[in-house]
Amino acid sequence: MREHDPLVTQRIEKMEDLRRDGINPFANDFKVTHSTHDILREFQDKGNEDLDKTKERFSLAGRIISVRDFGKSVFLHIRDRKGKIQIYIRKDLIGEDNFKVFKKFDIGDFIGIVGRPFQTRTQELTIMVESVKLLTKSLRPLPEKWHGLVDVETRYRQRYLDLIVNPEIREIFYRRTRIIQLIREFLNERDFLEVETPMMQSIPGGATARPFKTYHNTLDMDLYLRIAPELYLKRLIVGGLERVYEINRNFRNEGISTRHNPEFTMLEFYQSYATYQDFMDLTEEMLANIAENLFDNLRFEYQDVVLDFTPPWRRITIKEAIMEYGEVGEDVLGDKEKLIEYGQKTGLQLDRGMSLGHLLGHVFEEVAEPNLIQPTFVTNYPTDVSPLSRRNEGNPEEVDRFELFIFGREIANAFSELNDPIDQKKRFLAEIGQEGETVEVSGLLDKDYIKALEYGMPPAAGEGIGIDRLVMLFANVASIREVILFPQLKTRE
RNA sequence: GGGCCGUUAGCUCAACUGGUAGAGCAACUGACUCUUAAUCAGUAGGUCGUAGGUUCGAUCCCUACACGGCCCA
């Protein structure tokens with residue numbers, strides 16, 4: 001934006017005029033007694049006969065968002081955090097000098113008003129203003145009132161503008177916070193302890209992803225932004241806290257898309273003496289509870305599809321899912337050569353060096369995942385793609401794990417925790433040794449975590465839920481950027 | 001990383017496939033004391049994303065780049 005934007009220059013001149021008249025364009029001595037919402041709630045349904053009896057005077061503040069000027073009287077709408085209300089300013093009521101000052105106010109300015117409510121002829125509850133005060137002069141014009149701000153790039157880069165002119169965007173972020181509050185209440189009620197664990201880790205573990213690397217000067221050491229809190233939360237399980245959770249940011253130095261932001265919010269929770277089976281029940285209950293709270297309904301619309309959160313949700317093994325949606329026999333899934341052949345027919349590029357488990361994972365993602373629209377728990381994951389999960393008692397090639405899919409997207413990942421330190425060390429080393437993977441992606445061996453397990457970690461289940469993706473569902477938006485206030489964009493110039 | 005699309009006034013959008021750009025809102029001037037996309041009259045506002053190229057002439061055609069969107073990996 002140019003420095004000499006004439007619209008800005010004009011407003012700076014107005015501001016200087018006001019200063020000359022003794023008006024502080026950035027005053028901060030106005031006391032607010034009511035929000036727009038307070039007034040509307042209390043008086044919306046009252047007639048003027050009742051309203052005229054009101055002796056009380058109300059102080060409100062907000063940003064001017066529209067003006068209808070009649071010369072000696074003016075209608076405006078002001079917006080505050082709770083909504084908007086119409087105000088009516090008359091020259092004969094506030095006096096000629098004050099009215100002259102008021103005429104220098106613009107759309108975008110913050111003002112404080114004192115007045116009383118009345119009903120207009122068109123039955124809109126409005127504040128009759130008895131005094132008006134400039135609180136902040138706005139020096140830049142706002143986007144248009146009718147279409148709002150549409151340009152997606154500007155909406156993300158200047159989210160404040162988006163929030164000012166597109167009230168439905170505010171709603172998304174109110175809802176996001178509400179969802180997180182509901183999750184906290186749900187877990188707190190069940191005696192989970194909310195904790196905070198390091199965002200900066202010397203060994204980035206708990207997931208397979210490329211981390212952001214940074215450096216600590218005084219300690220003279222490399223640090224990584226965490227890709228997951230998992231290994232720290234499980235240390236707390238070793239420490240005997242039994243039930244812990246954390247809602248916080250993870251960082252992954254990977255691609256950006258409608259479903260990926262480099263920093264994203266993750267809920268992870270761990271419960272001693274629970275199993276992944278218990279967590280399927282818990283997850284159903286938790287998410288159904290959110291739907292119930294938000295919509296008074298377990299069915300709601302997402303992107304023209306009705307999602308039904310009524311428990312119980314479908315539970316299906318990864319192999320069953322591939323067989324059903326890929327229309328393929330069980331014999332293929334147990335045979336590496338046949339599976340590669342099948343996978344390539346579906347357009348997948350598969351590497352012969354991959355394990356059977358990894359091949360199954362890729363084929364599942366290709367043929368089944370997009371079809372899992374209604375909430376579906378997928379279970380019986382191969383052990384070699386689940387280095388932190390407990391092996392299944394009956395089949396050590398599989399683990400006691402599920403992933404939850406909704407609308408073809410992974411929403412949650414949970415498992416009974418591997419608490420055998422010997423097996424854990426073996427599996428870490430196998431993971432680190434993965435062909436073609438750099439140390440930065442597959443991680444380093446976290447010896448202290450093994451040591452912690454050696455002291456003994458009680459049997460436990462753990463789960464991670466991607467909060468941003470969850471909010472996308474409940475807010476009915478298609479891009480993760482719509483549920484993150486300041487999504488990552490490339491800097492300009 | 002690849003493909004497709006987009007970038008024009010503060011904002012939202014036009015410009016009929018080459019002849020140096022228009023509207024609505026916002027702004028400014030004036031009128032108007034119940035409007036709500038207020039109304040009426042007038043005024044001003046543009047390096048057409050950036051850099052090259054083709055051409056007598058480019059917002060338009062070509063190339064590269066930047067940023068963004070969607071899809072794919």
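Chain A is the first sequence line, chain B the second, and so forth, proteins listed ahead of strands; every chain is numbered from 1. Atom set for the values below is all heavy atoms of this structure, side chains included, hydrogens, waters and symmetry mates excluded.
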Pairwise [atom1] distance for [N] and [M], with rounding to whole Å:
N     : M     : atom1 : result
B/C61 : B/U29 : P     : 41 Å
B/G10 : B/G45 : C1'   : 10 Å
B/G69 : B/C28 : P     : 34 Å
B/C25 : B/G68 : P     : 33 Å
B/A14 : B/A9  : C1'   : 13 Å
B/A51 : B/A66 : P     : 15 Å
B/G57 : B/G19 : C1'   : 7 Å
B/U59 : B/A15 : C1'   : 9 Å

Could you tell me the separation between the [atom1] atom of [X] and the [atom2] atom of [N], rounded to a whole number of Å?
X        : N     : atom1 : atom2 : result
A/Glu365 : B/A73 : CD    : C1'   : 12 Å
A/Ile127 : B/C34 : CD1   : P     : 19 Å
A/Glu369 : B/C72 : CD    : C1'   : 15 Å
A/Arg11  : B/C28 : CZ    : P     : 8 Å
A/Ile164 : B/A26 : CD1   : P     : 17 Å

Problem - Donor-acceptor pair between A/Tyr156 and A/Gln488 side chains, under 3.5 angstrom - result: no
Practice task
Verify whether one side chain among A/Asp308 and A/Gln374 offers a donor that lies under 3.5 Å from an acceptor in the other.
Solution key: no
Handout entry: Options B/U35, B/C28, B/A26, nucleotide nearest the side-chain atoms of A/Glu124
Key = B/U35
Under 4.0 angstrom, heavy atoms only, what part of the nucleic acid is [X] near: base, sugar-phosphate, or nothing?
X        : answer
A/Arg157 : sugar-phosphate
A/Asp151 : sugar-phosphate
A/Leu489 : sugar-phosphate
A/Gly148 : sugar-phosphate
A/Thr258 : sugar-phosphate
A/Phe99  : nothing
A/Lys490 : sugar-phosphate

Handout entry: Side-chain donor/acceptor of A/Gln86 to base of B/U35, under 3.5 Å
Key = yes
Handout entry: base_contact_polar (B/G24 base, A/Glu144 side chain, donor-acceptor, <3.5 Å)
Key = yes
Practice task
Both distances under 3.5 Å, Watson-Crick or G-U wobble: report the partner of B/C61, or none.
Solution key: B/G53
Problem - Watson-Crick or G-U wobble mate for B/A66, both contacts under 3.5 Å - result: B/U7
Handout entry: Stacked pair A/Phe75-B/U35, distance under 5.5 Å, angle under 30°
Key = yes
Problem - Heavy atoms from other residues, nucleotides or ligands near NE2 of A/His362 exceed 12 (cutoff 6.0 Å) - result: no
Practice task
For A/Val385 and A/Arg401, work out which heavy atoms get closest and say how close.
Solution key: O-NH1, 3.4 Å
Establish, with yes or no, whether the OP1 or OP2 oxygen of [N] is under 4.0 angstrom from a side-chain nitrogen or oxygen of [X].
X       : N     : answer
A/Arg68 : B/U39 : no
A/Lys14 : B/A27 : no
A/Lys91 : B/U33 : no
A/Ser73 : B/C32 : no

Exercise for the section: Assert yes or no for the condition that the ring centre distance of A/Phe58 to A/Phe43 is strictly below 6.0 Å. Expected result: yes
Problem - Ring centroid separation A/Phe364 to A/Tyr325 under 6.0 Å - result: no
Handout entry: Strand-adjacent residues in residues 468-484 of chain A, judged by heavy atoms under 4.0 Å from RNA chain B
Key = A/Ser479, A/Arg481
Practice task
Fit a plane to each ring of A/Phe102 and A/Phe99, take the angle between them on a 0 to 90° scale, and name the class: parallel (under 30°), tilted (30 to 60°) or perpendicular (over 60°).
Solution key: tilted
Fill in the blank from the handout: CZ (A/Phe474) and CD1 (A/Ile290) are apart, to the nearest 0.5 Å, by 5.0 Å
Exercise for the section: Quickly, which of A/Arg140, A/Lys104, A/Lys137 forms a salt bridge (charged side-chain N to carboxylate O under 4.0 Å, His left out) with A/Asp109? Name it, please. Expected result: A/Lys137
